[in-house]
Amino acid sequence: MATHARQPVKLSPTLLYDGTCGFCNWNVQFVLRHERESHLRFAALESDYGNATLERHPEVKGVDSVVWLEPACEGRPERVYVRSDAALRVISYLGGRWRLLLMLGKLVPKRVRDAIYDLVARHRHRILGREEQCFLPPSTVRHRFLD
């Protein structure tokens, strides 16, 4: 009887976003167009997955932000990042030429970055409007979107 060694499964981060926000959906599509790797998962904050995440992390409930969720790994607990920290995680994930933007972003004090993030977040529905339905991803990446 042959036995098969289990291959380690790469745990992937998840980006939670406002599924009814045109600006947020545009940003998800931007990430899909510019990513160098294809392991990031996505979920609308309004989804069951998004709600379950917010229940596990009450410290971010009510925060008007995208959420970058890093899975628990090697004894380290699951971590959440919001506001500009989440945005910098997305930029880091994109890699390549976006790293310059990442380095510049890290030079700005967190308090200032978050204030700028909050300003954009407050007006995001005016930028690209609201969506009546969540973004429907193309079939080639649909498996990376969590319900």
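FYI, side chains are in, hydrogens and waters are out, and symmetry mates aren't considered; it's all heavy atoms of this structure. Count residues from 1 along the sequence.
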Hey, is [atom1] on [X] packed in by over 12 heavy atoms from elsewhere, all under 6.0 Å?
X	atom1	answer
R142	CZ	yes
R111	CZ	no
K110	NZ	yes

same_hphob_cluster(I116, L101) at 4.5 Å side-chain heavy-atom cutoff | no
I91-V108 co-clustered via ILVMFWY side chain contacts under 4.5 Å |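 Shared cluster, no.
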Point-to-point distance, once rounded to the nearest 0.5 Å, from [atom1] of [X] to [atom2] of [Y]:
X	Y	atom1	atom2	answer
L40	E35	CG	CD	6.5 Å
R79	H57	CZ	NE2	11.5 Å
R144	L15	CZ	CG	10.5 Å
S65	Y17	OG	OH	15.0 Å
S92	K106	OG	NZ	6.5 Å
L88	M103	CG	CE	12.5 Å

Write down the atom of [X], the atom of [Y], and the distance for their closest heavy-atom approach.
X	Y	answer
P71	R76	O-NH2, 3.2 Å
T14	R41	OG1-NH2, 3.0 Å
S47	A43	OG-CB, 3.9 Å
R124	A121	NH1-O, 2.7 Å
C24	D18	CB-O, 3.5 Å

Sidechain N-carboxylate O distance under 4.0 Å for R122, D64 = no
Taking side chain as C-beta onward, heavy atoms only, is R113 less than 4.5 Å from R83?
-> no
Does H39 have its ring centroid less than 6.0 Å away from the ring centroid of Y93?
->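 Close enough - the centres of the two rings lie under 6.0 Å apart.
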Apart from V67 itself, what residues make up its hydrophobic cluster when side-chain heavy atoms of I, L, V, M, F, W and Y under 4.5 Å apart count as a link, directly or indirectly?
-> L16, L45, Y49, L54, V60, V63, L69, V80, V82, L146
Just checking, any donor-acceptor pair under 3.5 angstrom between side chains of S84 and D114?
->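 D114 and S84 do have a side-chain donor-acceptor pair below 3.5 Å.
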Any pair with a residue in residues 95-118 that passes ring-ring contact (aromatic ring centres under 6.0 Å, His included), sequence neighbours left out, goes on the list, sorted by first then second residue, please.
-> F30-W98, H34-W98
Indicate yes or no for a side-chain donor-acceptor contact from E46 to the backbone of G19 under 3.5 Å, with no hydrogens or angles considered.
-> yes
Check salt bridge (Lys or Arg N to Asp or Glu O under 4.0 Å) between D48 and all other residues, then give those that pass, not counting sequence neighbours.
-> none
Are L32 and F42 close enough, and set up right, to give a side-chain contact (heavy atoms from CB on, under 4.5 Å), and what steps lead you there?
-> CA-CA 10 Å; L32 289 170; F42 302 88; 3.7 Å; yes
Is it possible for you to check whether R89 lies under 6.0 Å from the centre of the six-membered ring of Y81, through NZ or CZ, and within 45° of that ring's axis?
->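 Yes, a cation-pi geometry holds between R89 and Y81.
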